[in-house]
Every structure is written in C-alpha cells, then in structure tokens.
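The structure under discussion appears below in the form of structure tokens.
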Amino acid sequence: MATAYRAFEVRKLLPAIGSSSFLARAVPAAPMAGERFRAGALQQPLFQFVERGKPMPLLRELTGTLDFDCPVRDIRQGVFHTAVLARRCGLAASLPRDALRQEPPLVSEPGLLLEKNAQELAALAFSSSLLEAAIGMAAINALLPVNETALVERNAGDILLEKGAGKNVAVIGHFPFLPKLRERAANLWVLENNPQEGDFGPQQAGKYLPQADVVAITGTSITNHTFDDLIGLCQPKAYVLMLGDSVPLSQLLFDYRVAALCGTIVTDAEKVLRCVSQGGNYRQIQGVKRVTLLKA
C-alpha cells in the first residue's frame, strides 16, 4: 500500500523543510479513528511504486534549494493547470482525471491559501492529495532560481526523435509527438494511467523501463511522488528526458540521471493566470515559452 502524507502533517513538519533531515523525519500517516487517508483512491494511483516509509529525495532536495523570503501574490487552479505567482509565475499540471479518483476534500483550505507563506505552499508538494501537490509544485516552480541564459528553445519531441531513432523508447505520459516517434523508434512503449489504444498501463513500467535506451518521464511524476521509483527502473545508460509544465528547470535533476529538462518559462504572468483560470490546456496557455535545459 502506498504511503500517505496528510496535509496537516506536512504543516507540522514545515520548520524542517530545506534541511537534510526533513523527509527522514516524515513518517507515514496512520489514519485516526474514523478517518481515511487523504488519497482516497490509492487503489489505482498513477505509477505508484512508493513503498511505505520511503522518503522522496528529489522533492526534499528541491525544497532545500529554495529561498522562501518572497511574498505569494496569486494562486490559480484550473481544470488542467495550476499557477502560483511569487518570485516568478510557476506552473504545474492539475492532473484532473487522477485527482477526481481521490476522496474529497481535494484541497483542504480553499479560499485561504493566499494566507499561507511561500514555505507553506511549497510544502504542499508532499501532500497525498494531487490537487494540493500540484499547488506545491507550482509554488516550487515559482520560487526556483532559474539560469535563463542556459536555456535553449528546443522541443522535447525533436530531442526524442533524434535520440530515439532505431532505439527502444519508453514514454511515461501521452503526448502529440508519439505517432512520429513510433515511426522512428525500434520499439515504443507508452505507459499511461489513462491508456489510449496501443498504450500500456502503469503496472507494465517494471517490464519496459529497464529495456529502454531512451526514456521520457512526465514532470507530473514529481507531483504524484513516483519519480524516484521510476528513475530507479531505468537502466544506468539510458538517456532520460523530463517534459511538461510541471518540470522544475533545476540542474539538481542532472544528479538524478536526467539529461534534458523540457519545461516552461512564463513570459506574461497576467495572460497565464487568465488562461489557467479559464480552463486552458497545455496548448492553449498564452504567455509562455517552451524551453529546454540540457546537461552539459
């Protein structure tokens, strides 16, 4: 069974965020009398290989790089995306299909989130509620120091077409470039919690990821706390790329065997907030630039 961290327990651990001991001290939450876990639909979570009591080292290290001395100016959560405006405007996918499988309330304190400080919002990334975790990821991306001079405007699909030609390729998540990639790759395995024709369900990750020469992992794997386990299934020599609005553009990911980070920089926060609030999907959000951070 998966580990569940309830939102109030994350708040109790807030003083330790940013220290190396934070997740070592975070213990699985046992439900209180008459209470269920926050993640009520853990029977079929997205790529859930998280073991009971296992820490989330990437999230721990990411929060450790943040400067929380910054006001939070706005928070928006739309059907498809979540945005937090702090030092910059940060985005994360809301994962509506998977979130709606969970037990409500999906956000513990709606209407009161702007009363929280940046550290409290970033801590929501550890929540077992996907909508709360999306707010936390958007907050992390809104606070993360990004060296924009190191970014290039290169499409994730183009990189995969280049790296995956004649190779075994595994993609976690469903993306528009897949038909072209299928023509170029020797084998293409698409792992998706909401599979379309030709996709594989999440239970097949342990079979296909170790065989893949090239792996693309959606940034939402950080939101749903499965990244650490997924990267552990990849063979050591695999070329690993992360993609999507949720991807933190941090060189820290290179220490986790990721070679390319294909994410988003917000160039017009007002447009982004408006699009998120009005239900814009990935392709409809205006005021962004798709960028890539490559490992040197």
Side-chain angles (χ1 to χ4, degrees), residues 1-32 35-42 45-68 72 75 77 82 84 86 90-95 98-99 102-103 105-110 112-113 116-144 218-232 242 246-248 250 252-253 256:
M1 180 168 175
T3 300
Y5 295 91
R6 290 193 296 278
F8 75 86
E9 289 182 316
V10 171
R11 287 196 294 273
K12 285 198 303 182
L13 292 167
L14 268 171
I17 275 197
S19 72
S20 60
S21 63
F22 172 68
L23 280 175
R25 292 162 51 193
V27 295
M32 300 172 68
E35 180 187 19
R36 293 184 181 181
F37 281 121
R38 289 272 300 137
L42 284 176
L46 180 64
F47 299 110
Q48 187 57 264
F49 300 106
V50 179
E51 299 173 3
R52 179 172 292 279
K54 184 174 181 178
M56 298 174 238
L58 176 59
L59 266 179
R60 181 196 66 203
E61 289 199 66
L62 271 176
T63 55
T65 68
L66 302 179
D67 176 5
F68 296 112
V72 177
I75 303 167
Q77 188 154 59
T82 299
V84 171
L91 286 169
S94 298
L95 295 173
D98 300 298
Q102 296 187 312
E103 180 181 315
L106 301 180
V107 178
S108 296
E109 299 174 283
L112 301 176
L113 293 177
K116 299 182 182 297
N117 60 35
Q119 186 179 20
E120 291 172 318
L121 285 177
L124 289 177
F126 294 91
S127 174
S128 56
S129 162
L130 287 174
L131 291 188
E132 288 186 339
I135 295 169
M137 279 307 305
I140 288 172
N141 285 333
L143 296 164
L144 196 67
T218 172
T220 58
S221 63
I222 304 177
T223 307
N224 62 35
H225 307 156
T226 59
F227 169 82
D228 299 293
D229 293 276
L230 292 170
I231 198 70
M242 290 193 74
S246 303
V247 174
S250 168
L252 174 65
L253 272 296
Y256 285 78

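The first residue of the sequence shown is numbered 1, and numbering continues consecutively from there.
Between the OG1 atom of Thr223 and the CG atom of Leu124 there is a distance of 12.0 Å, given to the nearest 0.5 Å. Note that CG of Leu113 is 6.5 Å distant from NZ of Lys116, once rounded to the nearest 0.5 Å. We find the CG-CE distance between Leu121 and Met137 to be 13.5 Å, quoted to the nearest 0.5 Å. Phe126 CZ to Arg60 CZ: the interatomic distance, rounded to the nearest 0.5 Å, is 9.0 Å. The structure places CG of Leu230 at 9.0 Å from CE of Met242, a figure rounded to the nearest 0.5 Å. Atom CG of Leu95 is separated from atom CD of Gln102 by 9.5 Å, given to the nearest 0.5 angstrom.
Panel note: side chain Asn224, backbone Leu130; no donor-acceptor pair is recorded below 3.5 Å. When atom types are taken as modelled, the side chain of Asp228 and the backbone of Met56 share no donor-acceptor pair closer than 3.5 angstrom.
Listed here is the closest heavy atom pair of Ala138 and Ala92: N-CB, 3.7 Å. Pairing each heavy atom of Ala139 with each of Ala122, the nearest pair is CB-N, 3.9 Å. Of all the heavy atoms in Leu59 and Ala125, the pair that sits closest is CD1-O, 3.6 Å. Across all non-hydrogen atoms, the minimal contact from Leu143 to Ala86 is CD2-CB, 4.0 Å.
Looking at Ser128 and His225, their side chains never come closer than 4.5 Å, going by heavy atoms from C-beta outward. Within the 4.5 Å cutoff, the side chain of Leu252 has heavy atoms near those of the Leu58 side chain. Using a 4.5 Å heavy-atom threshold, the side chains of Ile140 and Leu66 count as touching. Ile222 places none of its side-chain heavy atoms less than 4.5 Å from the side chain of Val247.
By the side-chain contact (heavy atoms from CB on, under 4.5 Å) test, Gln77 pairs with Thr82, Ser94, Val107, Leu131, Ala134, Ile135, sequence neighbours left out.
Side-chain atoms of Thr220 and Thr218 form a donor-acceptor pair, as typed in the model, at a separation below 3.5 Å.
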